[in-house]
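Working notes for the structure below.
The sequence lines fix the lettering, A, B, ..., with proteins before strands; numbering per chain opens at 1.
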Protein chains: 2
Amino acid sequence: MPHSTSSPRLGDLERVVMEQLWEHAGAEGTTVREVHEALAGGRDIAYTTVMTVLDRLAKKDLVSRERDGRAWRYRAAASREALTARTMRMTLDDMDVTDRRAALLHFLDGASTAEIDDLKAALAEVEARHTD
Amino acid sequence: MPHSTSSPRLGDLERVVMEQLWEHAGAEGTTVREVHEALAGGRDIAYTTVMTVLDRLAKKDLVSRERDGRAWRYRAAASREALTARTMRMTLDDMDVTDRRAALLHFLDGASTAEIDDLKAALAEVEARHTD
DNA sequence: AGTTTCTACTACGTCGCGTAGTTACCAGCC
DNA sequence: GGCTGGTAACTACGCGACGTAGTAGAAACT
């Protein structure tokens, strides 16, 4: 058995497809055809390939789908930001870090000032949320 | 081509082996034999399997090795915390997040109070470092 | 010299993912 | 009502990563 982690790892094509879902993110969802057409502009890819990928993403619960007549409409189950956060969290949890502060410190070491500001803003926001 | 990310993803056994290196982390390093003996207590595993894994980890630059007579002594190239941080960073970078603040906010959503404190401590530490 | 110890190389099975074909269904058109 | 086009469902193949390990050969101990 290769991997125990249930980490939502994305392959390259899976990522590209998710991009599409994120970009055309509306409440309506996106069909295979729409995704395929969007991708077919930039690369040579078969319709069924897109179908397969969307199917796999659905099985991983990274996208949800609802019937629309005969077809399916796919929607990203989580925003790009939420998925990113989830993946980061899983890393932190899976790695079984004892000294979390040290890990976070290392993380900040690689951060730009802008990113640190983003983090402080986010931090302030959760704080505020807890207070009110 | 399956993956573009040069993310240092660990398999299950690779992780277990890294644990050993981290636990017996001294300046001296650890031999294959030592790792094997440590693991052989809990599971049925061949000496050569451990060797192969260590070899692959070395090729991924996750461990370094120095000769010790005929044998090699392996050392984790990065601490568990540093590797964790690096992986988290790669996730954040690879996901091409536009709204980093939102991503970090999501991340904090899943955090315990203790973790938030750890983060604040780490943040204070980088701040201090920049100031002095 | 024979036995042990360690490396180096090769190998095999499984799984994830990129990639796609084939088959079959259903809805509308001529 | 059979043909056509769009969809889905299922199957498949190649490749790389990883768990797993065997074998060959060098080196060292006895």
Side-chain angles (χ1 to χ4, degrees), chain A residues 1-21 29-40 42-74 83 87 90 94, chain B residues 1-21 28-40 42-74 87 90 94:
Chain A
M1 232 150 260
H3 279 269
S4 65
T5 72
S6 58
S7 159
R9 184 154 189 83
L10 294 181
D12 289 343
L13 181 55
E14 290 177 329
R15 171 93 45 91
V16 171
V17 169
M18 287 300 289
E19 305 278 353
Q20 286 305 315
L21 297 192
T30 315
T31 62
V32 175
R33 174 135 313 267
E34 283 160 358
V35 174
H36 178 242
E37 269 163 11
L39 296 188
R43 62 195 291 170
D44 188 22
I45 189 158
Y47 178 89
T48 50
T49 300
V50 177
M51 241 183 46
T52 303
V53 169
L54 278 167
D55 210 56
R56 287 179 183 161
L57 288 172
K59 278 189 185 115
K60 295 193 223 177
D61 286 320
L62 288 173
V63 309
S64 61
R65 56 184 203 176
E66 320 159 356
R67 278 285 175 193
D68 177 18
R70 240 162 0 107
W72 293 99
R73 300 202 79 91
Y74 291 84
L83 183 58
T87 306
M90 273 176 174
D94 283 355
Chain B
M1 230 151 263
H3 280 269
S4 65
T5 72
S6 58
S7 159
R9 185 153 187 83
L10 294 182
D12 290 343
L13 181 54
E14 289 177 329
R15 170 91 46 89
V16 171
V17 168
M18 288 300 289
E19 304 278 354
Q20 286 305 315
L21 298 191
E28 349 78 43
T30 314
T31 62
V32 175
R33 174 136 313 268
E34 284 161 354
V35 173
H36 177 241
E37 270 164 11
L39 295 188
R43 61 196 290 174
D44 188 23
I45 189 159
Y47 179 90
T48 49
T49 300
V50 176
M51 239 183 49
T52 304
V53 169
L54 278 167
D55 210 57
R56 285 179 184 161
L57 288 172
K59 278 189 186 115
K60 294 193 223 175
D61 285 320
L62 289 173
V63 309
S64 62
R65 56 183 203 176
E66 320 159 356
R67 279 283 176 194
D68 176 19
R70 223 155 25 97
W72 293 100
R73 301 202 76 93
Y74 291 84
T87 306
M90 274 177 174
D94 284 354

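Under a 3.5 Å cut-off, the side chain of B:H36 and the backbone N or O of B:I45 do form a donor-acceptor pair.
Counting any heavy atom pair closer than 4.0 Å across all strands shown, B:K59 reaches no nucleic acid atom. At the heavy-atom level, B:Y47 lies under 4.0 Å from base atoms of the strands shown.
Rounded to an integer number of Å, the gap from A:D68 CG to D:dA8 C1' is 14 Å. At whole-Å resolution of the value, CG in B:L13 and C1' in D:dA21 are 12 Å apart. Rounding to whole angstrom units, CZ of residue B:R9 and P of D:dC18 are separated by 9 Å. One interatomic measurement links the two molecules: CD of A:E14 to C1' of C:dC15, which rounds to 13 Å at whole-angstrom precision.
Listed nucleotides: C:dT7, D:dC18, D:dG19. Nearest to the side chain of B:A71: C:dT7.
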N/O to N/O distances under 3.5 Å, protein versus nucleotides 26-28 of chain C:
none

Between protein and nucleic acid, restricted to nucleotides 9-13 of chain D and to nitrogen or oxygen atoms under 3.5 Å apart, what atom pairs and distances do you find?
residue : atom : partner : partner atom : Å
D:dA9   : OP1  : A:R67   : NH2          : 3.4

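When all heavy atoms of B:R9 and B:K60 are compared, the pair lying nearest together is O-NZ, 3.4 Å. Across every non-hydrogen atom of B:A58 and B:R65, the tightest pair is CB-CD, 4.4 Å. Shown here for A:R56 and A:E14, the closest heavy-atom pair between the two residues is CB-OE2, 4.4 Å. When all heavy atoms of A:E34 and A:G29 are compared, the closest pair comes out as OE1-O, 4.1 Å.
Only B:V32, B:R33, listed by number, bring a heavy atom of residues 32-40 of chain B to less than 4.0 angstrom from any atom of DNA chain C.
Put simply, CE on B:M18 and CG on B:L57 are 6.0 Å apart, with the number rounded to the nearest 0.5 Å.
Side-chain contact between B:V53 and B:V35 is absent, with no heavy-atom pair separated by less than 4.5 Å. Residues B:T49 and B:L13 have side chains in contact (heavy-atom distance under 4.5 Å, counting atoms from C-beta outward).
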